[in-house]
Amino acid sequence: MATTATVTPPVAPAPPAHRDANVLRWLTAYTASMIGDSVYYLALSWAAVQAGSPSQAGLVVAVSAVPRALLMLGGGVLADRLGPRLVVIGSDAVRCVAVLAVAVLLFLTSPGLWPLAALALVFGTVDAVFLPAVGALPARMTSRGQLARVQGMRGLGIRFASVVGAPLGGLAVAVGGAAGAFALAGLLIAVSVPLLVSVRTRELPADDREAAKGTAWSDLKGGLAHIRHHRVLAPLMLAIALGDLGFVGPLNVGLTLLADERGWGASGMGWVLAGFGVGAGTASLLLTVRGGLPHAGRVAGYTILAGAVAIGALAQVPSVLAAAGVALLVGLLAGLSGALCGALIQTQADPACLGRVTAVSGLVSLGFAPLSMPLSAAAIGVWGTGPVFAVSAAVCGLGGVIALCVPGLRRAELPKWDAGELPKRDRAEQDSPELPEQDSPELPEQDSPELPKQGAAELPK
């Protein structure tokens with residue numbers, strides 16, 4: 001009896017993230033959504049200024065921060081319970097409909113500030129869900145060894161959106177007014193929805209899905225406990241918080257006041273911002289090309305410290321050219337440390353808790369850190385830019401000190417990735433459901449029936 005050998009097909013090599021069509025679809029969707037956000041914020045501020053006073057316009061623009069900060073942790077729970085892909089698709093769909101509805105309203109009438117304030121509230125509420133989900137999504141799309149590269153690619157998308165979004169929004173306002181800009185923002189966000197629908201993600205293991213069936217409150221407590229007891233995540237969250245608190249004030253309102261104090265004008269401030277953008281883009285490109293760096297925890301700590309020194313030096317340089325060079329260094333160091341911290345969150349957190357972990361880091365960066373801006377402005381009015389930039393640099397530097405002094409974070413490494421292969425953990429997650437179907441049924445059919453026939457026929461001879 002002839003035997004038929006069953007050949008198990010080899011595991012298909014997994015392409016690196018920058019060549020993975022699935023990851024590239026997500027990146028295109030994310031970049032389109034970010035460009036839409038840039039156009040939206042410009043349209044919102046322009047429409048609010050046209051409809052009310054400058055102070056009222058400021059309140060309308062700032063009102064979205066309230067639901068974002070209050071609901072961010074709940075958004076992380078929702079992302080983990082429903083899955084980040086579904087939450088991101090729903091969030092972009094809601095934002096698209098809300099922005100296009102306001103665009104139609106502005107085309108038909110002049111409704112005043114109330115629809116704009118309502119839109120800002122809706123946008124902030126949806127952001128509280130969108131941001132944790134978009135942070136948790138990469139870990140479901142690619143292998144752990146590619147997450148640092150994905151962080152670099154995401155950074156490039158953000159830089160591209162910031163460069164393209166503002167002039168595109170300005171052109172839309174010039175051509176079609178605020179209504180035209182809102183319509184463009186809605187269409188850009190709409191582009192992301194079908195692309196996100198086409199993105200494929202991996203499901204969590206059955207045990208993790210069962211664990212997510214508790215109450216929302218128990219899920220939230222579980223996520224916070226996961227961070228609190230983790231030897232890397234707990235100090236990492238503190239390092240991120242201190243770094244952002246020391247960074248946001250000087251590089252936002254502080255830079256404007258510094259340019260005014262030195263007489264650089266708007267063009268000078270533009271050169272400084274351009275230097276920062278080039279530095280941050282270079283850091284993202286470096287991670288995209290290399291796919292990661294060794295000794296990630298140690299490198300993150302040193303870059304935070306070096307970036308803090310550069311922030312303090314920014315207030316001491318005398319010329320625009322020197323300030324642009326220092327800002328480039330700040331962008332390079334801050335971009336590199338931020339991407340490494342993001343990659344460590346992605347690789348160290350349990351995938352079932354990643355939405356909640358991302359929500360905590362986002363709450364620190366987007367909820368608490370912006371509070372330093374009015375404090376920085378008030379302090380600069382009293383003491384000047386030099387002392388305030390120095391204090392901010394010291395606060396930022398504390399984040400680097402924590403990263404280097406806590407052994408768990410200092411020794412943290414990003415997972416290595418072998419070219420052309422998935423890490424064993426991810427390969428097992430993808431292939432284990434098929435192994436029993438391919439191999440175990442064939443073994444008894446091939447071997448056990450044939451051995452007795454061969455032995456019985458040949459022993460008498």
Handout entry: Heavy-atom closest pair, residues M153 and L24
Key = CE-CD2, 3.9 Å
Problem - Min side-chain heavy-atom separation V39-F182 under 4.5 Å - result: no
Problem - Closest non-hydrogen atom pair, G76 against A359 - result: CA-CB, 3.8 Å
Practice task
Using a 4.5 Å cut-off on heavy atoms from C-beta on, say whether the side chain of L195 contacts that of V199.
Solution key: no
Practice task
Kindly indicate, with the supporting measurements, whether the criterion side chain to side chain contact (heavy atoms under 4.5 Å, CB included) is fulfilled by V401 and L242.
Solution key: CA-CA 10 Å; V401 171; L242 290 170; over 6 Å; no
Practice task
Measure the shortest side-chain to side-chain distance between Q146 and D20 over non-hydrogen atoms and say whether it is less than 4.5 angstrom.
Solution key: no
Exercise for the section: Compare every heavy atom of V150 with every heavy atom of P138, then report the nearest pair and how far apart it is. Expected result: CB-CG1, 3.8 Å
Completion exercise
Heavy-atom closest pair (D80 atom, A352 atom, distance to 0.1 Å) is CG-O, 3.2 Å
Fill in the blank from the handout: Heavy atoms of L287 and A339 approach each other most closely as CD1-CB, 3.1 Å
Completion exercise
Exactly one candidate in L354, V232, L414 meets side chain to side chain contact (heavy atoms under 4.5 Å, CB included) with T347; the answer is L414
Handout entry: Flag side-chain contact, heavy atom, 4.5 Å: D37 against I189
Key = yes
Handout entry: Distance-only polar pair, side chains of R25 and S198, donor-acceptor under 3.5 Å
Key = yes
Exercise for the section: Report, as yes or no, whether the 6.0 Å neighbourhood of atom CG on L171 holds more than 12 heavy atoms from other residues, nucleotides or ligands. Expected result: yes
Handout entry: Donor-acceptor contact present, side-chain R149 to main-chain A17, <3.5 Å
Key = no
Problem - Any donor-acceptor N or O pair under 3.5 Å, side chains S361, T358 - result: no
Handout entry: side chain to side chain contact (heavy atoms under 4.5 Å, CB included) evaluation trace for W26 with L196
Key = CA-CA 6 Å; W26 164 80; L196 289 169; 4.2 Å; yes
Practice task
Report yes if the side chains of L220 and T215 come closer than 4.5 Å at any heavy-atom pair, otherwise no.
Solution key: no
Exercise for the section: Answer yes or no: is there a donor N or O on one side and an acceptor on the other, between the side chain of R202 and the main chain of T142, under 3.5 Å? Expected result: yes
Exercise for the section: Let me see the working for V129 and L71 under side chain to side chain contact (heavy atoms under 4.5 Å, CB included), right down to the final yes or no. Expected result: CA-CA 8 Å; V129 180; L71 303 176; over 6 Å; no
Handout entry: Ring geometry between H230 and H226 (parallel below 30°, tilted from 30 to 60°, perpendicular above 60°)
Key = perpendicular
Exercise for the section: Indicate yes or no for a side-chain donor-acceptor contact from R85 to the backbone of V134 under 3.5 Å, with no hydrogens or angles considered. Expected result: no
Exercise for the section: Go through the steps to decide whether R81 and D219 satisfy the test side chain to side chain contact (heavy atoms under 4.5 Å, CB included), and finish with yes or no. Expected result: CA-CA 9 Å; R81 290 175 74 89; D219 284 354; 2.5 Å; yes
Exercise for the section: Kindly indicate whether the side chain of L273, heavy atoms from C-beta on, has any atom under 4.5 Å from the side chain of L251. Expected result: no
Handout entry: Over 12 foreign heavy atoms within 6.0 Å of CH2, W264
Key = yes
Practice task
Assign the ring pair F123 / Y41 to parallel, tilted or perpendicular, where the plane angle (0 to 90°) is split at 30° and 60°.
Solution key: perpendicular
Fill in the blank from the handout: Between the OG1 atom in T282 and the CG atom in L328, the distance rounded to the nearest 0.5 Å is 6.0 Å
Practice task
Kindly indicate whether the side chain of N22, heavy atoms from C-beta on, has any atom under 4.5 Å from the side chain of T201.
Solution key: no
Handout entry: Any side-chain heavy-atom pair of L168 and L188 under 4.5 Å
Key = yes
Completion exercise
Scanning both residues in full, the closest heavy-atom pair of G400 with I304 reads N-CG2, 3.3 Å
Exercise for the section: Please determine, by modelled atom types, if R95 and S33 share a side-chain donor-acceptor pair under 3.5 angstrom. Expected result: yes
